[in-house]
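From a predicted model like this one, the values you see are computed outputs, not experimental measurements.
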Amino acid sequence: MRLVLAAVAAALAAPAAVDESDFRWERMVQGPSQGFATFVADGALFAHAKPELADLRVVDSDGRQVPWRRLADPAPRASKEVELLNAGVQGGAFVGLLDLGPTRAVRNRAELVMANERDFVGRVTVFGSDDRRRFTRLSTTKVFDLRGATAATSTTLVFPPTDHRFLQLRGVGVPLPVAARVYNAPRRPALGPVESDVSIEQRERATHVGLDVGYERLPVDLVRISTTTPRFDRPVLISGSNGERVFRVLQRGRILRREGVVQLDVPVDAAHRMLSVVIQNGDDAPLRSLRVEARARPRAVVLAEGSAPPFRLLYGNRSARAPTYDFARLPARELTPIVAGPLGAERENPDWEPPEDTRSFLERNPRVVEGSLALVAIALGIGGFFALRRRA
(Lines give C-alpha, C1' and ligand atoms only; values in the text may rest on other atoms or scores of the structure.)
Protein backbone atom coordinates (compact mmCIF):
# COMPACT_ATOMS: atom_id res chain seq x y z
CA MET A 1 0.00 0.00 0.00
CA ARG A 2 2.86 2.39 0.85
CA LEU A 3 4.44 1.79 -2.56
CA VAL A 4 1.15 2.66 -4.26
CA LEU A 5 0.80 5.89 -2.25
CA ALA A 6 4.40 6.83 -3.03
CA ALA A 7 3.83 6.25 -6.73
CA VAL A 8 0.65 8.35 -6.68
CA ALA A 9 2.42 11.16 -4.81
CA ALA A 10 5.27 11.13 -7.30
CA ALA A 11 2.81 11.27 -10.20
CA LEU A 12 1.02 14.24 -8.66
CA ALA A 13 4.31 16.06 -8.03
CA ALA A 14 5.63 15.48 -11.55
CA PRO A 15 5.16 18.34 -14.04
CA ALA A 16 2.44 17.86 -16.64
CA ALA A 17 3.34 16.45 -20.05
CA VAL A 18 4.28 18.89 -22.81
CA ASP A 19 2.48 18.92 -26.16
CA GLU A 20 5.57 19.48 -28.27
CA SER A 21 3.57 20.31 -31.40
CA ASP A 22 2.59 23.67 -29.82
CA PHE A 23 6.17 25.01 -29.86
CA ARG A 24 7.81 26.35 -33.01
CA TRP A 25 11.47 26.38 -31.94
CA GLU A 26 13.78 23.90 -30.27
CA ARG A 27 17.41 23.61 -29.08
CA MET A 28 19.46 21.00 -27.31
CA VAL A 29 21.42 21.47 -24.09
CA GLN A 30 23.96 19.04 -22.73
CA GLY A 31 23.96 18.52 -18.98
CA PRO A 32 25.48 16.48 -16.15
CA SER A 33 24.05 13.17 -14.99
CA GLN A 34 24.13 14.59 -11.43
CA GLY A 35 23.65 18.12 -10.11
CA PHE A 36 21.93 21.12 -11.65
CA ALA A 37 22.44 21.85 -15.33
CA THR A 38 22.53 25.48 -16.43
CA PHE A 39 22.82 27.45 -19.66
CA VAL A 40 22.95 31.13 -20.59
CA ALA A 41 19.97 32.43 -22.58
CA ASP A 42 21.02 34.08 -25.86
CA GLY A 43 19.55 36.54 -28.35
CA ALA A 44 17.64 33.98 -30.40
CA LEU A 45 15.93 32.61 -27.28
CA PHE A 46 14.87 36.08 -26.10
CA ALA A 47 13.67 37.05 -29.59
CA HIS A 48 11.54 33.97 -30.28
CA ALA A 49 10.24 33.23 -26.76
CA LYS A 50 7.65 35.27 -24.90
CA PRO A 51 8.82 38.00 -22.51
CA GLU A 52 10.46 36.61 -19.38
CA LEU A 53 10.74 33.27 -21.27
CA ALA A 54 7.15 32.54 -20.23
CA ASP A 55 6.63 29.89 -22.95
CA LEU A 56 9.91 28.03 -22.37
CA ARG A 57 9.52 24.32 -21.66
CA VAL A 58 12.28 21.77 -21.16
CA VAL A 59 12.05 18.02 -21.62
CA ASP A 60 14.70 15.40 -20.89
CA SER A 61 15.83 12.46 -23.01
CA ASP A 62 12.85 10.42 -21.74
CA GLY A 63 10.37 13.12 -22.82
CA ARG A 64 9.58 14.22 -19.25
CA GLN A 65 9.12 17.91 -18.45
CA VAL A 66 12.03 19.38 -16.47
CA PRO A 67 11.34 22.30 -14.08
CA TRP A 68 13.54 25.36 -14.60
CA ARG A 69 14.16 28.76 -13.05
CA ARG A 70 16.11 31.92 -13.73
CA LEU A 71 19.25 32.34 -11.65
CA ALA A 72 18.81 35.75 -10.01
CA ASP A 73 21.71 38.00 -9.05
CA PRO A 74 22.58 37.79 -5.36
CA ALA A 75 21.18 40.64 -3.28
CA PRO A 76 23.15 42.75 -0.76
CA ARG A 77 23.23 41.27 2.74
CA ALA A 78 23.41 42.61 6.30
CA SER A 79 22.25 46.12 5.39
CA LYS A 80 21.80 48.59 8.23
CA GLU A 81 21.84 52.37 8.61
CA VAL A 82 24.33 53.48 11.26
CA GLU A 83 24.50 56.95 12.82
CA LEU A 84 27.85 58.74 12.54
CA LEU A 85 29.27 59.19 16.07
CA ASN A 86 31.84 61.69 17.36
CA ALA A 87 31.51 63.55 14.05
CA GLY A 88 33.39 66.76 13.49
CA VAL A 89 36.07 68.56 11.50
CA GLN A 90 39.76 67.93 12.08
CA GLY A 91 42.51 69.51 10.02
CA GLY A 92 40.17 70.47 7.19
CA ALA A 93 38.63 66.99 6.99
CA PHE A 94 35.53 65.48 8.54
CA VAL A 95 35.96 62.55 10.91
CA GLY A 96 33.37 60.21 12.36
CA LEU A 97 32.87 56.76 13.83
CA LEU A 98 30.46 53.96 12.91
CA ASP A 99 29.64 51.41 15.61
CA LEU A 100 28.29 48.33 13.83
CA GLY A 101 27.45 46.49 17.05
CA PRO A 102 28.85 43.45 18.88
CA THR A 103 27.45 40.87 16.45
CA ARG A 104 30.04 39.88 13.88
CA ALA A 105 28.98 40.40 10.26
CA VAL A 106 31.00 40.88 7.09
CA ARG A 107 30.58 44.20 5.25
CA ASN A 108 32.32 45.71 2.24
CA ARG A 109 30.25 48.83 1.40
CA ALA A 110 29.11 51.99 3.18
CA GLU A 111 26.78 54.44 1.44
CA LEU A 112 27.01 57.94 2.90
CA VAL A 113 23.76 59.60 4.02
CA MET A 114 24.13 63.36 3.53
CA ALA A 115 22.14 66.01 5.39
CA ASN A 116 21.88 68.44 2.44
CA GLU A 117 22.73 68.16 -1.21
CA ARG A 118 25.83 70.12 -2.19
CA ASP A 119 28.27 70.16 -5.06
CA PHE A 120 31.42 68.38 -3.92
CA VAL A 121 34.24 66.13 -5.08
CA GLY A 122 36.45 64.53 -2.46
CA ARG A 123 37.89 61.38 -0.94
CA VAL A 124 36.90 59.32 2.08
CA THR A 125 39.30 56.92 3.83
CA VAL A 126 37.91 54.02 5.86
CA PHE A 127 39.72 52.55 8.89
CA GLY A 128 38.69 49.45 10.86
CA SER A 129 39.09 48.51 14.53
CA ASP A 130 37.76 46.15 17.18
CA ASP A 131 38.87 48.15 20.24
CA ARG A 132 38.65 51.83 19.07
CA ARG A 133 42.34 52.25 19.92
CA ARG A 134 44.21 50.75 16.98
CA PHE A 135 42.76 51.33 13.52
CA THR A 136 43.77 49.65 10.25
CA ARG A 137 43.45 51.56 6.99
CA LEU A 138 41.09 49.65 4.69
CA SER A 139 40.59 51.86 1.60
CA THR A 140 40.19 55.32 0.10
CA THR A 141 37.27 56.05 -2.24
CA LYS A 142 36.60 59.07 -4.42
CA VAL A 143 33.06 60.41 -3.87
CA PHE A 144 31.13 63.21 -5.56
CA ASP A 145 27.71 64.77 -5.83
CA LEU A 146 27.49 67.19 -8.75
CA ARG A 147 24.22 69.00 -9.28
CA GLY A 148 22.76 69.78 -12.67
CA ALA A 149 19.78 68.98 -14.87
CA THR A 150 20.65 65.35 -14.16
CA ALA A 151 22.51 64.40 -11.00
CA ALA A 152 25.97 62.84 -11.10
CA THR A 153 26.41 61.12 -7.76
CA SER A 154 28.70 58.48 -6.30
CA THR A 155 28.73 58.35 -2.49
CA THR A 156 29.35 54.65 -1.85
CA LEU A 157 32.58 53.71 -0.05
CA VAL A 158 34.19 50.48 -1.21
CA PHE A 159 36.54 48.51 1.07
CA PRO A 160 37.76 44.90 1.46
CA PRO A 161 35.40 42.52 3.31
CA THR A 162 35.76 43.12 7.04
CA ASP A 163 34.00 42.11 10.26
CA HIS A 164 35.46 44.97 12.35
CA ARG A 165 32.96 46.36 14.82
CA PHE A 166 34.13 49.98 14.37
CA LEU A 167 34.69 51.86 11.14
CA GLN A 168 36.29 55.29 11.24
CA LEU A 169 35.69 57.64 8.30
CA ARG A 170 37.93 60.54 7.30
CA GLY A 171 36.75 62.69 4.37
CA VAL A 172 38.59 65.45 2.52
CA GLY A 173 36.55 67.81 0.34
CA VAL A 174 33.31 66.16 1.46
CA PRO A 175 30.56 67.70 3.65
CA LEU A 176 29.87 65.99 6.95
CA PRO A 177 27.42 63.07 6.54
CA VAL A 178 24.89 62.18 9.23
CA ALA A 179 24.96 58.41 8.81
CA ALA A 180 26.03 55.56 6.54
CA ARG A 181 24.13 52.59 5.16
CA VAL A 182 26.50 49.65 5.66
CA TYR A 183 26.09 46.31 3.87
CA ASN A 184 27.83 43.40 2.20
CA ALA A 185 27.63 43.51 -1.61
CA PRO A 186 28.09 40.00 -3.03
CA ARG A 187 30.21 39.37 -6.08
CA ARG A 188 28.00 39.59 -9.15
CA PRO A 189 28.55 38.28 -12.68
CA ALA A 190 30.65 40.65 -14.74
CA LEU A 191 28.94 42.62 -17.50
CA GLY A 192 30.03 41.45 -20.92
CA PRO A 193 29.87 43.27 -24.26
CA VAL A 194 26.76 42.80 -26.40
CA GLU A 195 27.61 42.48 -30.08
CA SER A 196 26.04 45.44 -31.89
CA ASP A 197 26.01 47.30 -35.18
CA VAL A 198 26.80 50.92 -34.28
CA SER A 199 26.07 54.07 -36.31
CA ILE A 200 27.02 57.64 -35.34
CA GLU A 201 25.50 60.79 -36.81
CA GLN A 202 25.84 64.48 -35.92
CA ARG A 203 22.70 66.62 -36.18
CA GLU A 204 20.92 69.44 -34.37
CA ARG A 205 23.76 70.13 -31.89
CA ALA A 206 23.69 66.52 -30.72
CA THR A 207 25.41 63.22 -31.42
CA HIS A 208 22.95 60.46 -32.34
CA VAL A 209 24.24 56.92 -31.83
CA GLY A 210 22.24 53.89 -32.95
CA LEU A 211 22.94 50.38 -31.65
CA ASP A 212 21.35 47.33 -33.27
CA VAL A 213 21.94 44.31 -31.00
CA GLY A 214 20.47 41.92 -33.58
CA TYR A 215 17.55 40.45 -31.58
CA GLU A 216 14.31 41.78 -30.17
CA ARG A 217 13.91 41.83 -26.38
CA LEU A 218 17.62 41.21 -25.79
CA PRO A 219 18.48 42.51 -22.29
CA VAL A 220 21.03 45.31 -21.92
CA ASP A 221 22.07 46.57 -18.46
CA LEU A 222 24.53 49.33 -19.24
CA VAL A 223 25.67 51.66 -22.01
CA ARG A 224 29.41 52.40 -21.84
CA ILE A 225 30.78 55.50 -23.54
CA SER A 226 34.44 56.27 -24.20
CA THR A 227 36.07 59.36 -25.69
CA THR A 228 39.43 61.11 -25.84
CA THR A 229 37.90 64.52 -25.07
CA PRO A 230 39.70 65.53 -21.85
CA ARG A 231 36.97 67.63 -20.19
CA PHE A 232 33.20 67.65 -20.72
CA ASP A 233 29.84 67.39 -18.94
CA ARG A 234 26.85 66.47 -21.13
CA PRO A 235 23.31 65.06 -20.81
CA VAL A 236 22.49 61.71 -22.39
CA LEU A 237 19.11 60.30 -23.42
CA ILE A 238 18.75 56.56 -24.09
CA SER A 239 15.66 55.12 -25.82
CA GLY A 240 14.72 51.67 -27.11
CA SER A 241 12.55 50.06 -29.77
CA ASN A 242 11.66 46.54 -30.88
CA GLY A 243 10.79 47.44 -34.43
CA GLU A 244 8.22 50.10 -33.69
CA ARG A 245 8.65 53.52 -35.26
CA VAL A 246 8.45 55.23 -31.88
CA PHE A 247 11.30 54.80 -29.40
CA ARG A 248 10.49 54.58 -25.69
CA VAL A 249 12.65 56.58 -23.27
CA LEU A 250 14.64 54.24 -21.02
CA GLN A 251 17.07 56.49 -19.17
CA ARG A 252 18.14 60.09 -18.80
CA GLY A 253 21.75 60.30 -17.67
CA ARG A 254 24.85 62.41 -17.60
CA ILE A 255 28.38 61.67 -18.72
CA LEU A 256 31.32 63.77 -17.58
CA ARG A 257 35.04 64.02 -17.11
CA ARG A 258 36.04 66.95 -14.91
CA GLU A 259 37.58 67.75 -11.53
CA GLY A 260 39.11 64.32 -11.42
CA VAL A 261 35.65 62.73 -11.77
CA VAL A 262 34.87 60.29 -14.57
CA GLN A 263 31.33 58.99 -15.18
CA LEU A 264 30.95 57.32 -18.57
CA ASP A 265 28.65 54.38 -17.76
CA VAL A 266 24.87 54.83 -17.96
CA PRO A 267 22.82 52.02 -16.35
CA VAL A 268 19.69 51.00 -18.29
CA ASP A 269 16.96 48.41 -18.02
CA ALA A 270 16.53 47.60 -21.71
CA ALA A 271 15.04 44.68 -23.60
CA HIS A 272 15.08 46.04 -27.14
CA ARG A 273 16.75 45.36 -30.46
CA MET A 274 17.37 49.03 -31.28
CA LEU A 275 18.92 51.46 -28.81
CA SER A 276 19.19 55.19 -29.45
CA VAL A 277 21.83 57.15 -27.50
CA VAL A 278 21.61 60.95 -27.89
CA ILE A 279 24.45 63.05 -26.43
CA GLN A 280 23.58 66.74 -26.17
CA ASN A 281 26.60 68.77 -27.27
CA GLY A 282 25.11 72.26 -27.08
CA ASP A 283 27.53 74.68 -28.73
CA ASP A 284 30.56 72.49 -27.99
CA ALA A 285 32.25 70.25 -30.54
CA PRO A 286 31.18 66.58 -30.59
CA LEU A 287 33.16 64.23 -28.35
CA ARG A 288 36.34 63.02 -30.01
CA SER A 289 37.03 59.35 -30.89
CA LEU A 290 33.60 58.44 -29.55
CA ARG A 291 32.79 54.78 -28.88
CA VAL A 292 29.49 53.49 -27.50
CA GLU A 293 29.03 49.90 -26.31
CA ALA A 294 26.11 47.93 -24.87
CA ARG A 295 26.89 45.58 -21.99
CA ALA A 296 24.82 42.99 -20.12
CA ARG A 297 25.15 40.40 -17.40
CA PRO A 298 24.58 36.76 -18.35
CA ARG A 299 21.00 35.50 -17.91
CA ALA A 300 21.43 31.96 -16.61
CA VAL A 301 18.67 29.32 -16.53
CA VAL A 302 18.99 26.40 -14.09
CA LEU A 303 17.32 23.02 -14.61
CA ALA A 304 16.12 20.79 -11.79
CA GLU A 305 18.29 17.79 -11.03
CA GLY A 306 17.18 14.20 -11.37
CA SER A 307 16.43 14.22 -15.12
CA ALA A 308 18.23 12.42 -17.91
CA PRO A 309 20.33 14.60 -20.28
CA PRO A 310 20.53 15.79 -22.97
CA PHE A 311 17.73 18.34 -22.57
CA ARG A 312 15.46 19.74 -25.26
CA LEU A 313 14.30 23.36 -25.07
CA LEU A 314 10.93 24.18 -26.62
CA TYR A 315 9.59 27.71 -27.10
CA GLY A 316 7.66 29.87 -29.55
CA ASN A 317 4.13 29.23 -28.25
CA ARG A 318 2.25 32.53 -28.01
CA SER A 319 -0.68 31.00 -26.13
CA ALA A 320 1.43 29.38 -23.39
CA ARG A 321 1.34 30.76 -19.88
CA ALA A 322 4.36 31.01 -17.61
CA PRO A 323 4.99 27.72 -15.80
CA THR A 324 4.81 27.40 -12.02
CA TYR A 325 7.25 24.96 -10.43
CA ASP A 326 8.06 24.10 -6.81
CA PHE A 327 11.66 24.22 -8.02
CA ALA A 328 11.40 28.01 -8.41
CA ARG A 329 10.83 28.35 -4.65
CA LEU A 330 13.98 26.44 -3.72
CA PRO A 331 16.51 28.73 -1.97
CA ALA A 332 19.29 29.70 -4.35
CA ARG A 333 21.93 28.57 -1.84
CA GLU A 334 20.74 24.98 -2.30
CA LEU A 335 21.43 24.99 -6.05
CA THR A 336 24.77 23.20 -5.86
CA PRO A 337 26.64 21.98 -7.71
CA ILE A 338 25.73 23.90 -10.89
CA VAL A 339 27.28 22.64 -14.11
CA ALA A 340 27.16 24.80 -17.27
CA GLY A 341 26.09 23.15 -20.50
CA PRO A 342 26.50 24.39 -24.09
CA LEU A 343 23.37 25.73 -25.79
CA GLY A 344 22.84 24.14 -29.20
CA ALA A 345 21.79 25.87 -32.40
CA GLU A 346 18.19 26.97 -32.82
CA ARG A 347 16.05 25.11 -35.35
CA GLU A 348 12.38 24.84 -36.19
CA ASN A 349 10.61 22.05 -34.32
CA PRO A 350 9.63 19.40 -36.92
CA ASP A 351 6.58 18.47 -34.81
CA TRP A 352 5.28 22.05 -34.72
CA GLU A 353 1.72 22.53 -35.96
CA PRO A 354 0.81 26.17 -36.71
CA PRO A 355 -2.27 27.23 -34.69
CA GLU A 356 -5.49 27.68 -36.58
CA ASP A 357 -6.08 31.24 -37.72
CA THR A 358 -9.39 32.29 -36.13
CA ARG A 359 -9.38 35.82 -37.53
CA SER A 360 -12.11 36.92 -39.94
CA PHE A 361 -11.47 37.25 -43.69
CA LEU A 362 -11.20 41.04 -43.42
CA GLU A 363 -8.79 40.79 -40.46
CA ARG A 364 -6.59 38.36 -42.41
CA ASN A 365 -6.69 40.49 -45.57
CA PRO A 366 -6.45 44.16 -44.54
CA ARG A 367 -5.22 45.15 -48.01
CA VAL A 368 -8.51 44.00 -49.51
CA VAL A 369 -10.31 46.45 -47.22
CA GLU A 370 -7.87 49.23 -48.12
CA GLY A 371 -8.27 48.50 -51.85
CA SER A 372 -12.06 48.46 -51.58
CA LEU A 373 -12.08 51.80 -49.78
CA ALA A 374 -9.76 53.26 -52.43
CA LEU A 375 -12.10 52.08 -55.24
CA VAL A 376 -15.08 53.58 -53.45
CA ALA A 377 -13.23 56.89 -53.11
CA ILE A 378 -12.34 56.85 -56.81
CA ALA A 379 -15.93 56.06 -57.81
CA LEU A 380 -17.26 58.89 -55.63
CA GLY A 381 -14.72 61.28 -57.16
CA ILE A 382 -15.68 60.32 -60.71
CA GLY A 383 -19.39 60.60 -59.89
CA GLY A 384 -18.87 64.04 -58.38
CA PHE A 385 -16.89 65.16 -61.44
CA PHE A 386 -19.68 64.21 -63.89
CA ALA A 387 -22.32 65.75 -61.62
CA LEU A 388 -20.47 69.05 -61.70
CA ARG A 389 -20.16 68.87 -65.52
CA ARG A 390 -23.92 68.36 -65.94
CA ARG A 391 -24.61 71.36 -63.74
CA ALA A 392 -22.19 73.45 -65.75
Side-chain angles (χ1 to χ4, degrees), residues 15 17-74 188-197 211-222 242 270-273 293-318 320-325 327-328 330 332 335-352:
V18 175
D19 187 349
E20 299 182 9
S21 64
D22 292 335
F23 299 86
R24 181 172 183 177
W25 305 101
E26 68 172 10
R27 351 254 299 244
M28 300 302 295
V29 176
Q30 299 297 325
S33 56
Q34 294 182 343
F36 299 94
T38 184
F39 64 89
V40 175
D42 62 4
L45 181 55
F46 281 112
H48 293 152
K50 295 179 69 175
E52 303 298 326
L53 307 182
D55 59 340
L56 175 64
R57 301 295 185 271
V58 182
V59 295
D60 65 7
S61 59
D62 296 326
R64 296 176 300 181
Q65 185 176 173
V66 180
W68 62 271
R69 61 183 287 175
R70 296 278 293 272
L71 190 62
D73 287 343
R188 296 188 175 186
L191 297 179
V194 178
E195 187 174 347
S196 313
D197 290 331
L211 292 91
D212 183 348
V213 300
Y215 296 96
E216 294 183 3
R217 295 186 293 278
L218 183 65
V220 170
D221 300 301
L222 182 137
N242 273 314
H272 304 78
R273 173 169 179 168
E293 180 185 47
R295 301 184 73 86
R297 69 179 187 277
R299 264 64 175 182
V301 175
V302 183
L303 308 182
E305 62 180 347
S307 301
F311 304 102
R312 186 172 172 224
L313 274 57
L314 298 164
Y315 54 96
N317 180 355
R318 295 305 171 194
R321 292 186 295 181
T324 302
Y325 301 121
F327 179 59
L330 189 70
L335 300 178
T336 56
I338 292 181
V339 182
L343 186 59
E346 181 183 72
R347 64 182 184 183
E348 192 166 282
N349 175 17
D351 297 326
W352 176 61

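- Rounding to the nearest 0.5 angstrom, the gap separating the CG atom in N317 from the CH2 atom in W352 is 10.0 Å.
- The aromatic rings of W68 and Y325 stand perpendicular to each other, their planes meeting at an angle above 60°, with 30° marking the opposite boundary.
- Counted within 6.0 Å of CD on E348, heavy atoms from surrounding residues, nucleotides or ligands total more than 12; the atom is thus considered enclosed.
- Counting heavy atoms from C-beta on, the side chains of E305 and P32 never come closer than 4.5 Å.
- We find that D221 and R188 are not joined by a salt bridge, their nearest charged nitrogen and carboxylate oxygen being 4.0 Å or further apart.
- Looking only at distances, no side-chain donor or acceptor of R27 sits under 3.5 Å from a matching main-chain atom of L313.
- Annotation: the span from L222 atom CG to R297 atom CZ amounts to 11.5 Å, rounded to 0.5 Å.
- For the side-chain hydrogen bond (donor to acceptor under 3.5 Å, both in side chains) test with N349, the passing option among R312, E20, R24 is R312; the others fail.
- Residues R299 and L53 are not in side-chain contact: their nearest non-hydrogen atoms beyond the backbone lie 4.5 Å or more apart.
- For the pair D55 (side chain) and K50 (backbone), a donor-acceptor distance under 3.5 Å is present.
- A side-chain donor-acceptor contact under 3.5 Å links N242 to the backbone of R273.
- Note: H272 NE2 to L211 CG = 13.5 Å, rounded to the nearest 0.5 Å.
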When you look at Q30 and F39, which way does the side chain to side chain contact (heavy atoms under 4.5 Å, CB included) test go after all the steps?
CA-CA 9 Å; Q30 299 297 325; F39 64 89; over 6 Å; no
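- Annotation: the span from L303 atom CG to D60 atom CG amounts to 10.0 Å, rounded to 0.5 Å.
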